[in-house]
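Taking it in order: structure first as C-alpha cells, then the write-up.
This is a predicted model, so every value here is computed, not measured. Atom set for the values below is all heavy atoms of this structure, side chains included, hydrogens, waters and symmetry mates excluded.
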Amino acid sequence: MSLPNNTNIHPSTFLLLGIPGMEAIHTWISMPFCLIYLSALLGNCPILFIIRTDSNLHEPMYFFLCMLSVADLILSTTAMPKILSIFWFHDREIYFEACLVQVFLIHSLCSMASGFILAMAFDRYVAICNPLRHSIILSHRVIQNLGLAIIFRGVVLFSPQPFMLRWLPYCRTNVIPHTYCEFMALIKLACAETRICRTYSLTAAFLTGGLDFLLILCSCVVILYTVFHLPSKAAQLKTLGTCGSHVCVILVAYTPAFFSFLTHRFGHHVAPHIPIFVANIYILVPPMVNPMIYGIRTKRIREQFLQVLTSHKF
C-alpha cells in the first residue's frame with residue numbers, strides 16, 4: 001500500500017506482513033510459535049516462583065537468573081501476541097505509536113537480557129577464580145546495583161530510537177515485511193537520509209551485545225585456565241559441569257543474534273523469509289530454552305521443581 005505524496009510525515013498505522021512469501025502457511029507456522037510462547041511462560045514462571053520461595057536459592061546466580069526470566073517473559077509477551085494475531089486473524093495493522101513502543105521494548109529488553117547473562121558470567125568467574133571472596137564481592141547491594149545498571153543501560157541506549165523513527169518521513173509505503181516492529185525494518189521504509197540512525201543502531205548494538213559477548217569470552221578463557229589448573233580431574237569435571245548450563249545459554253542467546261545482525265547488513269541476496277525467521281528465533285527461542293537449560297542442569301532447581309509437582313500431586 002503506497003502512501004500519497006501529500007500525507008503526513010508518518011502514517012497513522014503500519015501493516016505487518018508476517019513472513020514474506022509464506023503467507024499461505026502462516027496458520028501452520030503459528031503452531032510451533034504458540035508452543036514456544038507457552039513453553040516460555042510455563043518455564044520461566046515456575047523458576048521465578050521456586051527461587052522466590054526457597055531461601056536456599058537466594059544466591060547471586062539465581063537472583064540474576066530471576067532478572068533474566070523477567071526480561072525474557074516481557075520480551076516474548078511484547079512480540080508474540082501480535083505475531084499470533086497476524087497468523088490467526090490476519091490482523092496486520094498496528095498504530096504508529098504502538099510500533100515505536102514495540103521497537104523500544106524489544107531492543108532494550110534484548111540488551112537487558114544480554115546484560116544479565118554477562119552478570120551471570122561474572123558470578124561464575126568470581127565463584128571459580130576467587131571463591132573465598134564470592135559473598136563479599138557479590139553482596140546483595142552489589143547485585144541490586146548491577147541489575148539497576150543493566151536496566152539503565154538498556155533504557156538509555158535504546159530510548160533515542162523511537163524519537164529517531166518518529167522524526168523520519170515515511171512517504172514510500174506503510175507495509176513492514178516483518179512479524180513485529182524492528183528498528184532496521186522501519187529504517188528501510190524512510191525516504192530520508194538514515195546514515196546517522198544506522199550508525200547509532202550499530203554503535204548501540206556493539207555497546208550491548210557485542211561488548212557483553214567479548215567480556216563473556218574473556219571470563220570463559222580465565223575460567224578455563226583456572227579449571228585446568230585444579231589439582232584433580234574430579235574437581236575439573238565438577239567445575240566444568242557447573243559452567244555447562246551457562247555456556248549453553250550463551251550459545252542460544254548470541255548465535256541467532258549475530259546471524260540476524262549479519263543478514264540485516266550483508267545478506268542482500270538472502271531469501272527474504274530467512275532474516276525474519278532468524279529475528280523471531282532471536283526473541284522467542286531464548287526465553288523458552290533458558291529455563292529448560294537451568295531447570296535440567298541445575299540440581300537444586302530441578303529438585304525443587306519435582307518437589308512442587310509431587311506436593312501438588314498428593
Drop me the distance from [X]'s [atom1] to [Y]'s [atom2], to the nearest 0.5 angstrom.
{"X": "N280", "Y": "I83", "atom1": "CG", "atom2": "CD1", "answer": "4.5 Å"}
{"X": "I51", "Y": "M61", "atom1": "CD1", "atom2": "CE", "answer": "9.5 Å"}
{"X": "S201", "Y": "M184", "atom1": "OG", "atom2": "CE", "answer": "5.5 Å"}
{"X": "L284", "Y": "T179", "atom1": "CG", "atom2": "OG1", "answer": "7.5 Å"}
{"X": "F122", "Y": "R124", "atom1": "CZ", "atom2": "CZ", "answer": "12.0 Å"}
{"X": "I250", "Y": "T255", "atom1": "CD1", "atom2": "OG1", "answer": "10.5 Å"}

>> Quick one, L17 with H178, criterion side chain to side chain contact (heavy atoms under 4.5 Å, CB included). Give me CA distance, side-chain angles, the key distance, then yes/no.
In response: CA-CA 6 Å; L17 280 187; H178 212 297; over 6 Å; no
Looking at side-chain heavy atoms only, is the closest gap between [X] and [Y] below 4.5 Å?
{"X": "D54", "Y": "L57", "value": "yes"}
{"X": "I283", "Y": "Y180", "value": "yes"}
{"X": "I276", "Y": "P177", "value": "no"}
{"X": "I187", "Y": "L168", "value": "yes"}
{"X": "L186", "Y": "I176", "value": "yes"}
{"X": "I29", "Y": "I19", "value": "yes"}

Using a 3.5 Å cut-off and no angle test, enumerate the donor-acceptor pairs between side-chain atoms of residues 97-112 and protein atoms at least two apart in sequence or in another chain.
unit_1 : atom_1 : unit_2 : atom_2 : d
Q102   : OE1    : C181   : N      : 2.8
Q102   : NE2    : T78    : O      : 3.1
H107   : ND1    : V103   : O      : 2.8
S108   : OG     : F104   : O      : 2.7
S108   : OG     : L105   : O      : 3.3

Identify all side-chain donor-acceptor contacts of residues 134-147 below 3.5 Å with residues at least two apart in sequence or on another chain.
unit_1 : atom_1 : unit_2 : atom_2 : d
H134   : NE2    : D123   : OD1    : 2.7
S139   : OG     : V142   : N      : 3.4
N145   : ND2    : R141   : O      : 3.3

Heavy-atom pair of closest approach, residues [X] and [Y]:
{"X": "I281", "Y": "P256", "answer": "CG2-CB, 3.9 Å"}
{"X": "Y254", "Y": "S114", "answer": "OH-OG, 2.6 Å"}
{"X": "K82", "Y": "D91", "answer": "NZ-O, 2.9 Å"}
{"X": "G18", "Y": "P20", "answer": "O-CD, 3.4 Å"}
{"X": "C129", "Y": "T226", "answer": "SG-OG1, 3.3 Å"}
{"X": "Y170", "Y": "L165", "answer": "OH-O, 2.7 Å"}

> Do T199 and T203 pass the side chain to side chain contact (heavy atoms under 4.5 Å, CB included) test, and can you show the C-alpha distance, the side-chain angles, and the key distance before you say yes or no?
Replying inline: CA-CA 6 Å; T199 303; T203 305; 4.2 Å; yes
>> V156: which residues meet the side chain to side chain contact (heavy atoms under 4.5 Å, CB included) condition with it, sequence neighbours left out?
In response: F152
> Are F64 and F116 an aromatic pair by the rule of ring centers under 6.0 Å?
Replying inline: no
>> Just checking L148: does its CG atom have more than 12 heavy atoms from other residues, nucleotides or ligands closer to it than 6.0 angstrom?
In response: yes
Examine distances only and state if a side-chain atom of [X] and a backbone atom of [Y] form a donor-acceptor pair shorter than 3.5 Å.
{"X": "E182", "Y": "A185", "value": "yes"}
{"X": "N130", "Y": "V126", "value": "no"}
{"X": "E193", "Y": "R195", "value": "yes"}

>> Grouping I, L, V, M, F, W and Y whenever their side-chain heavy atoms are under 4.5 Å apart, do L211 and L118 come out in a common cluster?
In response: yes
> Would a hydrophobic clustering, with Ile, Leu, Val, Met, Phe, Trp and Tyr connected at side-chain separations under 4.5 Å, put I223 with L217?
Replying inline: yes
> L84 and F89: side chain to side chain contact (heavy atoms under 4.5 Å, CB included), yes or no, with the steps?
Replying inline: CA-CA 8 Å; L84 292 178; F89 311 115; over 6 Å; no
> Parallel, tilted or perpendicular for F163 and W167, by the 30°/60° rule?
Replying inline: tilted
> Any ring-ring contact (aromatic ring centres under 6.0 Å, His included) pairs touching residues 182-212, not counting sequence neighbours?
Replying inline: none
Without placing hydrogens or testing angles, list every side-chain donor-acceptor pair under 3.5 Å for residues 37-46, not counting sequence neighbours.
unit_1 : atom_1 : unit_2 : atom_2 : d
Y37    : OH     : T77    : OG1    : 3.1
S39    : OG     : L35    : O      : 2.7
N44    : OD1    : S69    : OG     : 3.1
N44    : ND2    : A40    : O      : 2.9
N44    : ND2    : P287   : O      : 2.8

> If you look only at pairs with a residue in residues 17-35, which of them pass as a side chain to side chain donor-acceptor pair (under 3.5 Å), with sequence neighbours excluded?
Replying inline: S30-W88
